[in-house]
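Here's the structure, in structure tokens; my notes come after.
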Amino acid sequence: MSPSKTIFEKIIDREIPADIVYENEHCLAFHDIQPQAPVHVLVIPKRRIENVANLTDADQALAGKLLLAARDVAQKLDLVDQGYRVVANCGIDGGQSVDHLHLHVLGGRQMKWPPG
Ligand code: DGP
């Protein structure tokens, strides 16, 4: 893992702006700068973990909190009735571009499967 701050750590530290929609002690959620759906929010842990592959058993509680934060974001943004998608890209083939674990919460349109 790179020692330098990722763009998401700079958002956590309020060094760069983001459209924050939700925050609790452990997680932060903000609108994606390149939205792929009418609603596209990223939910991140405040503690840096590179991706799903780098979660350890000791991260069990945090991983659960992240998923629950995604649930809360979807409720807050009124996505529950129509449904939504939660995605975590991991590594090169997964299409991950920021090395800080994040869940994409996508909604506001019919999602396709399989994803590209
Ligand atoms: P991924 O490809 O799964 O690593 O998703 C990273 C997402 O992060 C991508 O959809 C674009 C978004 N993103 C990158 N830089 C910024 C930023 O500075 N601000 C915000 N809000 N989103 C960003």
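First listed ligand is number 1; within each ligand, the first listed atom is number 1. As a basis for the values below, the full set of heavy atoms in this structure was taken, side chains included, without hydrogen atoms, waters or symmetry mates.
Few gaps surround CD on E15; more than 12 heavy atoms of other groups in view lie less than 6.0 Å from it. Counting non-hydrogen atoms of neighbouring residues, nucleotides and ligands closer than 6.0 angstrom, the CG atom of D93 reaches no more than 12 such neighbours.
In this structure the side chain of H31 never reaches within 4.5 angstrom of the side chain of L42, judged on heavy atoms.
Taking every non-hydrogen atom of S97 and a distance limit under 4.0 Å, the qualifying atoms of ligand 1 come out as 1 (P), 2 (O), 4 (O), 5 (O), 6 (C). Of all the atoms in ligand 1, the ones that sit under 4.0 Å from a non-hydrogen atom of G95 are 1 (P), 2 (O). Shown in contact with N89 at under 4.0 Å from a heavy atom are these atoms of ligand 1, numbered in order with element: 1 (P), 2 (O), 3 (O). Ligand-side atoms of ligand 1 in range of H104: 1 (P), 3 (O), 5 (O), 10 (O), range being under 4.0 angstrom from any heavy atom. Residue-ligand proximity, V98 to ligand 1, at heavy-atom distances under 4.0 Å covers atoms 4 (O), 6 (C). With ligand atoms numbered from 1 in the order given, ligand 1 contributes 8 (O) to contacts under 4.0 Å with heavy atoms of F8.
Polar contact check, Q34 against ligand 1: no nitrogen or oxygen pair lies under 3.5 Å apart. Backbone and side-chain nitrogen or oxygen atoms of H40 are examined, and none is located within less than 3.5 angstrom of a nitrogen or oxygen of ligand 1.
Each of E23, H26, H100 was evaluated against K46; a single residue qualifies, E23, per the side-chain hydrogen bond (donor to acceptor under 3.5 Å, both in side chains) test.
For F30 and Y22, the ring centers are positioned 6.0 Å apart or more.
Shortest non-hydrogen contact noted between C90 and V52 is SG-N, 4.2 Å. Nearest approach of C27 to N24, heavy atoms of both residues: N-OD1, 2.7 Å.
Distances from atom 13 (N) of ligand 1 to the heavy atoms of L106, L103, I33, V87 put I33 nearest. Distances from atom 19 (N) of ligand 1 to the heavy atoms of L42, T6, N51, I11 put I11 nearest.
Looking only at heavy atoms of the protein, atom 11 (C) of ligand 1 is closest to D32 OD1, 3.2 Å. Protein heavy atom in closest approach to atom 21 (N) of ligand 1: H31 O, 2.9 Å. Looking from atom 18 (O) of ligand 1 to the surrounding protein, the closest heavy atom is I7 CG1, 3.4 Å.
Using a 4.0 angstrom heavy-atom cutoff, K10 does not count as in contact with ligand 1. Heavy-atom distances between H102 and ligand 1 reach below 4.0 Å in at least one pair.
Under the 3.5 Å distance criterion, with hydrogens and angles disregarded, a donor-acceptor pair is assigned to the side chains of H104 and H40.
The same ILVMFWY cluster, assembled from side-chain heavy atoms under 4.5 Å apart, contains both F8 and I20.
The residues D99 and R48 are annotated as not salt-bridged, no charged nitrogen and carboxylate oxygen being separated by less than 4.0 angstrom.
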